[in-house]
Amino acid sequence: MKHRHTMIRIREPNTQQGANPFMPVPPRVYRPDGPQPVFEQQSAGGSAAAKPYSGDLAGLYSAPRDQPLTDRDELIEFYAAHPAEASSAAQAFGSDGTFTWSRGKQIDGPGLVAYLRELTPVLLRIDLRVTNYTLVDGRAAGRQSILQAGTAVLVDSHGVPRFRSLSGSPLTLAAALPHSPTFTNTPWSGFDPKLVGAVSPGISLTVITLIDTGTGNPFDRPVGTTGAGDADHPEWPTPGAATTTPTTVAPSTPRATTRAAPAGPLDLSGVWVMNSNSNVSDVYSMTGTMTQTTAGFVFHYEDAEQYVSTATDCTLPNSLGTSVSLDCRITVRGSGEAMSSTYRCEGPVVAIPWGDRTKFRFDGSCETITVSGPPFTVTIMPQ
């Protein structure tokens, strides 16, 4: 049986701009000397195409403490002086349904300069798959790329890389790949396609916990700053850090950064996100609502097309701070008929502060019940 292959993915070394960059002259980027601390964690899911990471995972990124990683102002000045390129970059974000910033879910060229000031420069600590945009005939052209660990990027308040510093190019979430990928360009030392990661949006952060490239110690950097407000990190959720050359780091199950116990009332309002990932597909996201019933919390998602509608309902007990079972039913209706399938996930429900209120997050390992299928992981969290 022949294996099917899909999109060619470009391997992008951390010292090269790549073809057709938005910014012809790269900005200055700090490069640490010698081996870098790598925070290794065990993988609990994912696929050969991409391992799932949540953007709010502490230690996912690094930077030199108390100093700029890159001259963000050079990128800002470039886009301020090149409105056509700014418009093309802004249009790239329109293809990413998870994109959000302080002014909403849409952005135009004039707003790009203000948006860049909301981003935080960091270094990748994993080989990361993204949709990377090049500038071709004045338009943004997306392609699936793998950025090498050590690449300088700018991340948003949900921990998602949104620009590559060396090229000034916009980045969006990795696209789903239905079949085994093929690659171009020479692999770097330590490259392993089975350890490539893909980031999905985490909860909204006010600080990002980074690893100091000089000491290997964690520290907190306020979102949107470049080093002036760095502070000690009060606690570290997982012990142990090893020092090695940055290549590919063993991925982890997405989870929220450890925070103080919430004290505010439970808030289920707003948009909630469910991310799923199996060992035969990439991260899949759906947005829906969360309500409370006598059975517990219920996540609901519905997608209606011309002839077919799909609804997903997932119920978990109201037991914050404990490990629970999440039961999900998927119902597909069309041509007067309905079909359904169910699956169950086991994992913790963690309360998280949300301003003066409390929300929660669920991370679980899942198995199908009514139909045969591979195991997979699920994350449910507020957007």
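Values below: all heavy atoms of this structure, side chains included; hydrogens, waters and symmetry mates excluded.
For an aromatic pair to be called close, the ring centres must be under 6.0 Å apart, and Phe297 with Phe360 satisfies this.
Partners of Asp66 by side chain to side chain donor-acceptor pair (under 3.5 Å), not counting sequence neighbours: none found. Residues passing the side chain to side chain donor-acceptor pair (under 3.5 Å) test with Ser95 are Tyr133, sequence neighbours excluded. Remark: Gln292 engages no residue in a side chain to side chain donor-acceptor pair (under 3.5 Å) (not counting sequence neighbours). Applying the ring-ring contact (aromatic ring centres under 6.0 Å, His included) test to His82 and every residue at least two apart in sequence or in another chain returns Phe78. Partners of Glu302 by side chain to side chain donor-acceptor pair (under 3.5 Å), not counting sequence neighbours, listed by chain and number: His300. Annotation: ring-ring contact (aromatic ring centres under 6.0 Å, His included) contacts of Phe362 (sequence neighbours excluded): none. Under the rule for a ring-ring contact (aromatic ring centres under 6.0 Å, His included), Phe299 has no partner lying at least two apart in sequence or in another chain.
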Check your understanding: Asp363 and Arg361: salt bridge (Lys or Arg N to Asp or Glu O under 4.0 Å), yes or no, with the steps?
Key -> CA-CA 7 Å; Asp363 293 283; Arg361 175 184 177 124; 3.0 Å; yes

**Study point:** Full working for disulfide bond (SG atoms under 2.5 Å apart) between Cys366 and Cys345
**Key:** CA-CA 4 Å; Cys366 312; Cys345 309; 2.0 Å; yes

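Tyr61 and Phe219 end up in the same hydrophobic cluster when Ile, Leu, Val, Met, Phe, Trp and Tyr side chains are linked at under 4.5 Å. Note on Tyr343 and Val273: separate hydrophobic clusters, where clusters join Ile, Leu, Val, Met, Phe, Trp and Tyr whose side-chain heavy atoms are under 4.5 Å apart, directly or indirectly. Residue Val298 is not grouped with residue Val324 when hydrophobic side chains (ILVMFWY) are merged at heavy-atom distances under 4.5 angstrom, including chains of intermediate members. Hydrophobic clustering (side-chain heavy atoms under 4.5 Å, transitive across Ile, Leu, Val, Met, Phe, Trp, Tyr) groups Phe99 together with Tyr79.
Side chains of Val378 and Leu326 form a contact here, defined as non-hydrogen atoms less than 4.5 Å apart. When side chains are defined from C-beta on, Leu123 does not count as touching Leu210, because their heavy atoms never get closer than 4.5 Å. Counting only heavy atoms from C-beta outward, the side chains of Arg143 and Thr134 approach each other to under 4.5 Å.
Atom NE2 of His158 and atom CD1 of Ile203 lie 9.5 Å apart (nearest 0.5 Å). Note: Arg129 CZ to Leu147 CG = 11.0 Å, rounded to the nearest 0.5 Å. One finds the OG atom of Ser165 at 6.0 Å from the CG atom of Leu69 (value rounded to the nearest 0.5 Å). Between the CG atom in Asp96 and the CG atom in Leu173 there is a gap of 4.0 Å [rounded to 0.5 Å]. For the atom pair CG (Asp156) and CD1 (Ile208), the distance works out to 8.0 Å, reported to the nearest 0.5 Å.
Listed by first and then second residue, the ring pair (Phe, Tyr, Trp, His ring centres under 6.0 Å) pairs involving residues 134-156 amount to none (not counting sequence neighbours). For residues 75-85, no residue pair satisfies the salt bridge (charged side-chain N to carboxylate O under 4.0 Å, His left out) rule, not counting sequence neighbours. Pairs of residues two or more places apart, or lying in two chains, that qualify as side-chain hydrogen bond (donor to acceptor under 3.5 Å, both in side chains) and include a residue from residues 220-231 are Thr209-Asp220, Asp220-His233, Arg221-Asp230.
A salt bridge does not link Asp108 with Arg103: every distance from a Lys NZ or Arg NE/NH1/NH2 to an Asp or Glu carboxylate oxygen is 4.0 Å or more. A salt bridge links Lys359 to Asp267: at least one charged side-chain nitrogen sits closer than 4.0 Å to a carboxylate oxygen.
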Quick one: side chains of residues 109-122, donor-acceptor pairs under 3.5 Å with protein atoms, not counting sequence neighbours, listed by atom name and distance.
residue, atom, partner, partner atom, Å
Glu118, OE1, Ser102, N, 3.4
Glu118, OE2, Ser102, OG, 2.3
Thr120, OG1, Gly224, N, 2.7

Quiz: residues 314-321 side-chain donor-acceptor pairs under 3.5 angstrom, not counting sequence neighbours:
none

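Although no hydrogens or angles enter the test, the distance criterion places a donor-acceptor pair under 3.5 Å between the side chain of Thr293 and the main chain of Ala295.
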